[in-house]
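One structure is given below, encoded as structure tokens.
Order of the sequence lines fixes the chain letters, A, B, ..., with proteins taken first and strands second; residue numbering starts at 1 for each chain.
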Amino acid sequence: MLEGLNPQQHRAVVDTEGPMLLIAGAGSGKTRVLTTRIAHLIVDKGVHPGNILAFTFTNKAAREMRERVERLVPGASDAWIGTFHATGVRILRREAERLGYPRQFSIYDAEDSRAVVKSVLKALNADPKQFSPREVLSAISRYKNASVDPSEAREQALSWREERIADFYQDYQRSLRDNQAMDFDDLIVKTVELLESFPEVQERYARRFQYVLVDEFQDTNPLQLILIKALSAHWRNVFAVGDDDQAIYSWRGATVENMLNFEDYFPGARVLRLERNYRSTGFILQAANEVIGHNRRRRGKKLWTEAEQGEPLELLWVDDEEGEALAVRERIEELVADGEFRRRDCVVLYRTNAQSRALEDGLRRGGLPYQIIGGTRFYERREVRDLLAYLKLVVNPADQVSLERVINVPRRGIGKTSLQRLLDAAAAAGLSTLEMCWQRPTEVERACGRAAARRILLFAGMIAELAALSEKENAARVLEKVMETSAYLDWLYKDDPSSAQEREENVHELLNAAEAFVAESDEGRLFDFLESVALLADVDRMEADGDMVTLMTMHNAKGLEFPVVFVAGCEENLLPHANSLHEDDKLEEERRLFYVALTRAQRRVFLSCASMRRRFGGAELALPSRFLAELPADVVVERGERRPAVVQPAWGGRGLWEEESPRRRPGRPASSPGARSAGPARGKRSGSPARGEESGAGHLYGVETFLRSKARKKAEGHGFDEHELNQEEARFHVGQRVRHATLGEGVIEAVEGFGELTRLTIRFGEAGRKRILARYARLEAVEGDSDLPF
DNA sequence: GCAAGCCCAGATAGT
DNA sequence: CTGGGCTTGC
């Protein structure tokens, strides 16, 4: 078992007593250490598997860890291995009654939570202009992950706004409790609450877990740290594994402080490091090391490898997202044709889910099989959520959110007014809506009128029947019954025939999921099924079988590895993301994200960078990511050429990126790839020159053609002739300085539309950013272009 | 009670 | 361009 471990790994495995922090670089074999350590505890130390607790970042990671341990030690599956959330649920299902929750409390996902926040905002008369559900929700989540309860939030509030949010927080929690529901964060919050309020319970669990292991420790938050401490308090054997260079979830409340101050939180802790990388080639590692070296806030380490240099990274210059998709597809086809890689070896990573669409289209058009992780998730489809809401309601009749979702879906003539009367009556009686219906039907009739009451009571009766059924039947049977009694499929076709077929397929997939669950689990109980659904992460649904390319966000790729990695959209405002440009901490997190992306790769890395990207329908200029400039020049070769983003093609002047003399842009050394001016790319010394010579041929059309055809279409509709059109086009370009009569001087950031519809986004000094119609703006050109990036 | 149509805001990342 | 929320008219 211990064979083949390097000395550091070996020590990390066998040095089991007391707290330990393992700083494990990307690809340094930490998963192996974790699994071997668990196996070692069981086999060599005689620890009972049930006394081991391991936290992973995703269910998929948990499953893999369990399988790997099981392979080393058959019968080890009694160990508690799971995400923080899953472990929280596991404890809460046994103990929730102490907190005043029934065992079968509902778990609300983001959309359910949003519904609750919305109703809270409405009830407290919040001004929708000042408080969006989104913001409030994220504020609440931040509080929770920082372990701040509503009353503390109220006390800490420094402004009227914060006070209001604390009030919303309080009502939100009250509402969840009324619904006997917990949101995602609560799964940990309530577990901590339980352990803190009931010392005997804490003692019981802390005694039980002789060894506690935590993976991806750099992405844990203060609340999770409290949970770790509480559960390891008795034996104090905490083994935390993490890499500060891969901390990418600070927006979820995670803090590297947990790692940096480990020795304070766990006195007597030892710290070990794994710096030898077994995953990537020399070139890839060199690139990754160099990039992450630009971060200041880090513990600092340097990965090394004895692997061969391999192939240099390739930088693909493309015109726009379609060109990018095409380039990605062609490279994959090439790799597959060479026989060196399969499609399933390839992953395409991107910063935002919105980028997946163009990539997806490109792959589909080329007939290249792919799977997408994340984005519009299966369990977020309306039809799937409707049916799940029925099931949740069956399990937990107090769940108002689910009730309101389905009481009139399919339509049964229970409209807003009747529903409101019903809700009011129930609230007045201090009962949940369904209890009201079941226990006091006459009052429902009084409140809603006879006709409406009849329909409502019919619905309530249906849920009661389903609930009875769920006592003895498994999840799949109950789901079938829901579909049957609600005639859900019929309604799909009635509601929107055009989408009905696709939705029906989704419904059947849900049914399949339920069947699969029933087949796998002991009892196939409905509420266990709902729980497994609620806790699923996107990556958990990743297909291991089937030869297809995988598409996902960089965040989702954490902890995974692939022979071939594509990093799409290596552009300013995307990577680093626009929202992270102005704070150093955020910028460094973006860099870590890029680092994570690079270090997923075993053998090949392709980076793509477009000159133009479409957003909200309009065209926007894209600049090469500053991170590209941080790559050492001799580990990258370029493909295609960096074509100027000629947003105004007809005007004939120099395009934004055609420079008469190589003028250096800020922050970009001349030797780096990003600084090279347009022109045929050259293979570099270490690369394969022949490839570098290839042009970026094969685009469906250049930016120019695309924009002009679009312009012509518009012009035809508006009685412009082409001459006039060109005149209009000629007037403005991105980067141009202009003066506005009242707004002052500014720089054009984006040009959208053509002719009389030309819209300009201009950043003014004082007035900020404005989006205006060029024809009314009466702009005056000012000499000299602004130096981009803005 | 309900459907059609209009308007506006919007999309960083996810257990 | 898209989706959700609101208004309007039947």
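- Within 6.0 Å of CZ in A/R357 there are 12 or fewer heavy atoms belonging to other residues, nucleotides or ligands.
- What separates CG of A/N579 from P of B/dG10 is a distance of 13 Å, to the nearest Å.
- Screening residues 588-599 of chain A for salt bridge (Lys or Arg N to Asp or Glu O under 4.0 Å) gives A/R351-A/E590, A/E589-A/R592, A/R591-A/E630 as the qualifying pairs, with residues at least two apart or on separate chains.
- Of the residues in residues 109-120 of chain A, those with a non-hydrogen atom less than 4.0 angstrom from any atom of DNA chain C are A/R114, A/K118.
- In this structure, A/Y249 has its ring center closer than 6.0 angstrom to the ring center of A/F57.
- Shown are A/P624, A/S608, A/C609; of these, the side chain to side chain contact (heavy atoms under 4.5 Å, CB included) with A/E571 is made only by A/C609.
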Which pairs, protein N/O on one side and nucleotides 2-5 of chain B N/O on the other, fall under 3.5 Å?
residue: B/dC2; atom: OP1; partner: A/G413; partner atom: N; Å: 3.3
residue: B/dC2; atom: OP2; partner: A/N408; partner atom: ND2; Å: 3.0
residue: B/dA3; atom: OP1; partner: A/R411; partner atom: NH1; Å: 3.2
residue: B/dA3; atom: OP2; partner: A/R411; partner atom: NE; Å: 3.3
residue: B/dA3; atom: OP2; partner: A/R411; partner atom: NH1; Å: 2.4
residue: B/dA3; atom: OP2; partner: A/R411; partner atom: NH2; Å: 3.2

Original post:
Going through the distances and angles, do A/D183 and A/Y172 end up as a side chain to side chain donor-acceptor pair (under 3.5 Å)?
Top reply: CA-CA 10 Å; A/D183 67 13; A/Y172 172 80; 2.8 Å; yes
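- For the pair A/R455 and A/A354, nearest-nucleotide mapping onto DNA chain B gives the more 5' position to A/R455.
- Remark: the A/Q104 side chain and the A/K392 side chain contain no N/O donor-acceptor pair separated by less than 3.5 Å.
- Nucleic acid contact class of A/S418 (heavy atoms, under 4.0 Å, all strands): sugar-phosphate only.
- Note on ring orientation: taking the six-membered ring where Trp is involved, the planes of A/F517 and A/F529 are tilted (angle from 30° to 60°).
- Residue A/R454 places its CZ atom among 12 or fewer non-hydrogen atoms of other residues, nucleotides or ligands, all under 6.0 Å distant.
- Per the geometry, CG belonging to A/L137 stands 16 Å off P belonging to B/dT15, to the nearest Å.
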